[in-house]
Engineer: 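Handing you a structure now.
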Amino acid sequence: MILVTGATGHVGRPLVNELLRAGRKVRALSREPATAGLPDEVEAAATAELPLDGVTSVFFVTAAFPGGTAEPIARMKAAGVRRIVALSSYSVLDDDPKNMIGVKHRDLERQIREAGVEWTFLRPAGGFAATALEWAEHIRNEGVARSPFGDARTAPVHERDIAAVAARALLTDELVGEAPLFSGPESLSYADRARIIGEVTGEPVRFEELTHDEARQEWLRAGVPPHAVEARLRMFEKLVGRPHEISPVDPFLGRPGLSFARWVADHANTFRKVTS
Ligand SMILES: NC(=O)c1ccc[n+]([C@@H]2O[C@H](COP(=O)([O-])OP(=O)(O)OC[C@H]3O[C@@H](n4cnc5c(N)ncnc54)[C@H](OP(=O)(O)O)[C@@H]3O)[C@@H](O)[C@H]2O)c1
C-alpha cells in the first residue's frame, strides 16, 4: 500500500492517478476525506489520523504537516514504512539561513535520512507553474497579471512532471538514495508567463509590474505566509535580467518536461472570463 499525503494538492492528485494506473493500492490523505473528490478506487483517510497499517511507501509533502514533520516521520518508521519519497526543494542548496524554504526542507531531508528508511528527495527548481494560479482572479476579472520584477526569469515546472518523477521513485528502485533536481524546460520572465496565458486562452493578458510593497500586500492577501513573502522577494531580485538555468527532467522521465503553454492549456478555464 502506498500512502499519499497532500493527496488533493497540485502534485498529489496527478500522483494518485498515476499510481492507480500502475495498478497499486493507494491510501490518500486529506483533512476532509469525505469531500476531497478523490477517485473511488483509493482508500481516502484523514490526515490527522495518519493511518499507517499496511503502508510500505509514502509520498510526503510538508504542507500536510504544519505542526512539524519529525513526529509523522517517526510514526512512519515505527509502523514499518520502508520508503519515503519527499517533495523537497532545490532551495536546500542555498545555505542562506534567512531562506526559510531551504531551512525547512533541509530539516525534512535530515529527519528522513536519520529515520533509516529508503529515501528519494524531489528537488523541483525554477518554481511551480501553479504559482500562476495566484493571478487567476485578476486575469478573469480584469485581464491583468500583476507581479514585481516583470523581467525576473524562472523555469516553471508542471506539477504533472513532479508527480511523474514521484511515481517513478515509488514504483521502481531507480531513484532510491537520489535527490532528483529538475526545472521546467524553458526560461520565462513573469511578463512572458502573462503573455503565454493570453495566447493559450485566446484572451489577451496585460502585465503590470508591482512595487515591493504592493507585491507584499497582494501575496499576503492571496494567503502566502509572511516568511515566504520575504523569501520570494529576495528570490525574485536574484532572478532579474538573466536566463534561468534549465535542469532537464529528461534523465528521470525519458521525455522533456511539459511546457508552460501545456500547463496553461491544462488550467485554461481557470483563467477565462466567466460568461453567463
Ligand atoms: N517551489 C514552488 O514554487 C512551490 C510552489 C507551491 C508549492 N510548493 C511546495 O510544494 C509542496 C506541495 O505542493 P502542492 O501544491 O501539492 O501542495 P499544496 O496544494 O499546497 O498542499 C497539499 C495538500 O496539503 C493539504 N494541506 C494544506 N494546508 C494544510 C494544513 N494546514 N494542514 C493539513 N493539511 C494541509 C491540503 O489538502 P486537504 O485540504 O485535502 O487537507 C493540500 O491539498 C508544498 O509543500 C509547497 O510548500 C512549492
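Start at 1 and go down the list; that is how both ligands and their atoms are numbered. The analysis underlying the following values was restricted to heavy atoms, covering all of them including side chains, and did not include hydrogens, waters or symmetry mates.
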Engineer: Which residue and atom name correspond to the protein heavy atom nearest atom 37 (O) of ligand 1, and how close is it?
Structural biologist: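 Sorting protein heavy atoms by distance from atom 37 (O) of ligand 1 puts T8 OG1, 2.9 Å first.
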
Engineer: In the protein, which heavy atom is nearest to atom 39 (O) of ligand 1, and how far is it?
Structural biologist: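 Answer for atom 39 (O) of ligand 1: R31 NH2, 2.9 Å.
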
Engineer: Decide whether a cation-pi geometry holds between R193 and F260; the criteria are a distance under 6.0 Å from NZ or CZ to the six-membered ring centre and an angle within 45° of the ring axis.
Structural biologist: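 Satisfied, under 6.0 Å and within 45°.
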
Engineer: In sequence, state the C-alpha distance, the side-chain angles, and the governing distance for E159 and H267, and then conclude on side chain to side chain donor-acceptor pair (under 3.5 Å).
Structural biologist: CA-CA 12 Å; E159 58 271 10; H267 298 271; 2.7 Å; yes

Engineer: Could a heavy atom of A64 be found less than 4.0 Å from some atom of ligand 1?
Structural biologist: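 Contact present.
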
Engineer: Atom 19 (O) of ligand 1: which protein heavy atom is closest, and how many Å away?
Structural biologist: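 The protein heavy atom lying closest is G9 CA, 3.4 Å.
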
Engineer: Any donor-acceptor pair under 3.5 Å linking the side chain of T201 with the backbone of F271?
Structural biologist: no

Engineer: Less than 4.5 Å apart, any side-chain heavy atom of W263 and any of L258?
Structural biologist: no

Engineer: With a 4.0 Å cut-off on heavy atoms, is A130 in contact with ligand 1?
Structural biologist: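 Under 4.0 Å: no for A130.
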
Engineer: Can you find a protein heavy atom closer to atom 46 (C) of ligand 1 than 4.0 Å?
Structural biologist: no

Engineer: So, is G127 polar-close to ligand 1, with some N/O to N/O distance under 3.5 Å?
Structural biologist: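 N/O-N/O distance below 3.5 Å does not exist for this pair.
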
Engineer: More than 12 foreign heavy atoms under 6.0 Å from CD of E208: is that the case here?
Structural biologist: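 For E208, atom CD is crowded (more than 12 foreign heavy atoms under 6.0 Å).
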
Engineer: Identify the closest protein heavy atom to atom 11 (C) of ligand 1: which residue and atom is it, and at what distance?
Structural biologist: L87 CD2, 3.5 Å

Engineer: Between V11 and ligand 1, is there a nitrogen or oxygen pair with a distance under 3.5 Å?
Structural biologist: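 Right, the criterion is met.
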
Engineer: Note the single closest protein heavy atom to atom 15 (O) of ligand 1, along with its residue, its atom name and the distance in Å.
Structural biologist: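 Minimum-distance protein heavy atom for atom 15 (O) of ligand 1 reads H10 CD2, 2.9 Å.
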
Engineer: At what distance is the nearest protein heavy atom to atom 23 (C) of ligand 1, and which residue and atom is it?
Structural biologist: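 The answer is G6 CA, 3.6 Å.
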
Engineer: Ignoring hydrogens, just give me the one of P14, S30, A129, G37 whose non-hydrogen atom is nearest atom 40 (O) of ligand 1.
Structural biologist: S30

Engineer: What residue and atom, counting heavy atoms only, is the protein's closest point to atom 13 (O) of ligand 1, and at what distance?
Structural biologist: F128 CE2, 3.7 Å

Engineer: Nearest to atom 44 (C) of ligand 1, what protein heavy atom do you find, and at what distance?
Structural biologist: A63 CB, 3.9 Å

Engineer: Under 3.5 Å, N or O to N or O, is K104 touching ligand 1 that way?
Structural biologist: no

